[in-house]
K.L.:
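First the structure, which I've put down as structure tokens, then a few questions once you've had a look.
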2 protein chains.
Amino acid sequence: MGMGRPREFDAETALDQAMEVFWRHGYEGATIAQLTEAMGINPPSLYACFGNKEGLLKAALDRYTTLRNIWMDEVVAAPTARAVAERMLMGIADKQTDPANPPGCLLVQGGIACGTGSENVPFELAARRAQNEDQLRDRFVRAKAEGDLKESVDPAALARYVSAVAVGMGVMASSGANREALRQVADVAVQAVEAQSARG
Amino acid sequence: MGMGRPREFDAETALDQAMEVFWRHGYEGATIAQLTEAMGINPPSLYACFGNKEGLLKAALDRYTTLRNIWMDEVVAAPTARAVAERMLMGIADKQTDPANPPGCLLVQGGIACGTGSENVPFELAARRAQNEDQLRDRFVRAKAEGDLKESVDPAALARYVSAVAVGMGVMASSGANREALRQVADVAVQAVEAQSARG
DNA sequence: CCAGATATGTAGTGTTCACTACAGATGTGG
DNA sequence: CCACATCTGTAGTGAACACTACATATCTGG
């Protein structure tokens, strides 16, 4: 009863490579060929080790969330609610634009499809969202000129903020969030805009 | 030199159906078979009219953004920056949970892949995001108990807000937003949390 | 050194996909 | 009524996909 031929690759190292592929191309956009090439193994090894494509994704997500939870522990260790939010959101700003990783967050980007031949679709969508952001920015420029917004406000930054909240709400809604949950988010966000108001 | 056989379907009606399919299943998750069935036509008619799948998406996006821009015109017609933000974000909360439409926003969901057999992947991702939201909520419960947050604050709502901003930033980063842009968003969001603080 | 067990590489499998050839149907201009 | 142009439905096409059968290689226990 021998123990069989030992595995020739390191599972964690291979998972890191798979994680990057899912992160960059999304679940459906990532092909087994891309995954196996990045992991440096052949399909049978992948299936023997992780079951199937979805099993590999879950293993990659486990690894991602393990690392992320360690970071979140540091985040919630901040002394105040404000400091927690600052540490988390500023940290995200840095991490999501770190050239060492694909842009964005695996937990969002993993659901984005960019299969071969349609990589430009997400950019097409982004361009349409940018139109509304520009519209908001123009409106906030006017608000500033009218004395409605503080002199210190950057209208483009405020418009980007409102757009970001809107996008976040969209993803939440797609995942099943109900109306009350979205309204609570909107309510806090509106208060943030109000705080930029000259009378606020 | 006759003018040929006339088209037997209405392009705008068909586009509305296609828009719903892209909205619900994402670009890659939507198959030509699903699209043609929803549109009530056969593939050759689709290709004769819209060129290819991506052409159909762009036509559907055109229709979506046309309707959306009309609504945005009403939004920016609000009297103050605060009212603009309120009208937009509360309107989004309602629209994105309207049972008459698929949940979420086509401009975000259109990039989400839910092909047959992997519909549960987006929910798997959402479940992982919820873990971090719960972590935040617990932290804000503590902050409230410590008198760091106002008595009127709902810790779950505030955690949901911070999570929504984080998700929005993730989508922006995926679309090419740079670090400074994300930091500006984070900065406004942090001020919103600060406004919920007892000393704020 | 042999038997059993597991991993690996090659070379496929069936399925599904976006897309289209083709023939017949339905219109217009002469 | 005829030549021509455009649409429609049937029935595919080749390509790409996730996944696997199989022979071979490499280990352990006895």
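These figures come from a predicted structure and were not determined experimentally. The figures that follow rest on heavy atoms only: side chains count, while hydrogens, waters and symmetry mates do not. Protein chains get the first letters and strands the later ones, always in sequence-line order, with residue 1 at the start of each.
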K.L.:
Atom CE of Met39(A) to atom P of dA18(D): distance rounded to whole Å?
P.N.:
13 Å
K.L.:
Could you list the residues that satisfy ring-ring contact (aromatic ring centres under 6.0 Å, His included) with Phe50(A), not counting sequence neighbours?
P.N.:
none
K.L.:
Could you pull out all residues at least two apart from Ala127(B) that satisfy side-chain contact (heavy atoms from CB on, under 4.5 Å)?
P.N.:
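Counting only residues at least two positions away or on another chain, Ala127(B) forms no side-chain contact (heavy atoms from CB on, under 4.5 Å).
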K.L.:
Nearest whole Å is fine: how far is dG9(C) P from Asn42(A) CG?
P.N.:
5 Å
K.L.:
For Ala143(A), enumerate each residue passing the side-chain contact (heavy atoms from CB on, under 4.5 Å) test, keeping only those at least two apart in sequence or located in another chain.
P.N.:
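Listed in chain order: Arg139(A), Asp148(A), Leu149(A), Ala81(B).
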K.L.:
Please give me every residue in residues 6-14 of chain A whose heavy atoms get under 4.0 Å of an atom in DNA chain D, ordered by residue number.
P.N.:
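Correct list: Pro6(A).
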K.L.:
Do NZ/NE/NH1/NH2 and the carboxylate oxygens of Arg24(B) and Glu20(B) come within less than 4.0 Å?
P.N.:
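Yes, charged N to carboxylate O under 4.0 Å.
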K.L.:
If the cut-off is 4.0 Å, is Ser45(B) near the phosphate of dC7(D), judged by side-chain N/O to OP1 or OP2?
P.N.:
no
K.L.:
Between the protein and nucleotides 20-25 of chain D, are there any N/O to N/O pairs under 3.5 Å, and if so, what are the atom names and distances?
P.N.:
unit_1  : atom_1 : unit_2  : atom_2 : d
dA25(D) : N3     : Arg5(A) : NH1    : 3.1

K.L.:
Who passes salt bridge (Lys or Arg N to Asp or Glu O under 4.0 Å) against Asp134(B), sequence neighbours left out?
P.N.:
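By the salt bridge (Lys or Arg N to Asp or Glu O under 4.0 Å) rule, Asp134(B) matches Arg137(B).
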K.L.:
Kindly write out the residues that satisfy side-chain contact (heavy atoms from CB on, under 4.5 Å) with Ala164(B), not counting sequence neighbours, or none if the list is empty.
P.N.:
Met172(A), Val185(A)
K.L.:
Provide, to the nearest angstrom, the distance between the CG atom belonging to Asn52(A) and the C1' atom belonging to dC17(D).
P.N.:
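In whole Å, dC17(D) C1' and Asn52(A) CG are 14 Å from each other.
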K.L.:
Please collect all ring-ring contact (aromatic ring centres under 6.0 Å, His included) contacts where either partner lies in residues 61-87 of chain B, sequence neighbours excluded, each pair once.
P.N.:
Trp23(B)-Tyr64(B)
K.L.:
Output the rounded distance in Å from CD (Glu28(A)) to P (dT16(C)).
P.N.:
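Going from Glu28(A) (CD) to dT16(C) (P), I get 14 Å.
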K.L.:
Just by distance, with hydrogens left out, do Gln96(B) and Asn101(B) show a side-chain donor and acceptor under 3.5 Å apart?
P.N.:
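There is no such pair between these side chains.
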K.L.:
Figure out the CD1/P separation between Ile41(A) and dG9(C), and round it to whole Å.
P.N.:
9 Å
K.L.:
Given atom NZ of Lys53(B) and atom P of dC19(C), what is their separation to the nearest angstrom?
P.N.:
8 Å
K.L.:
Roughly how many Å is it from CZ in Phe50(A) to P in dA18(D), rounded to a whole number?
P.N.:
16 Å
K.L.:
How would you list, by chain and number, every residue that makes a side-chain contact (heavy atoms from CB on, under 4.5 Å) with Gln131(B), sequence neighbours excluded?
P.N.:
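With sequence neighbours excluded, Gln131(B) shows a side-chain contact (heavy atoms from CB on, under 4.5 Å) to Asn69(A), given in chain and number order.
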K.L.:
Which listed nucleotide (dT28(C), dA18(C), dC19(D)) is nearest to the side chain of Ile32(A)?
P.N.:
dC19(D)
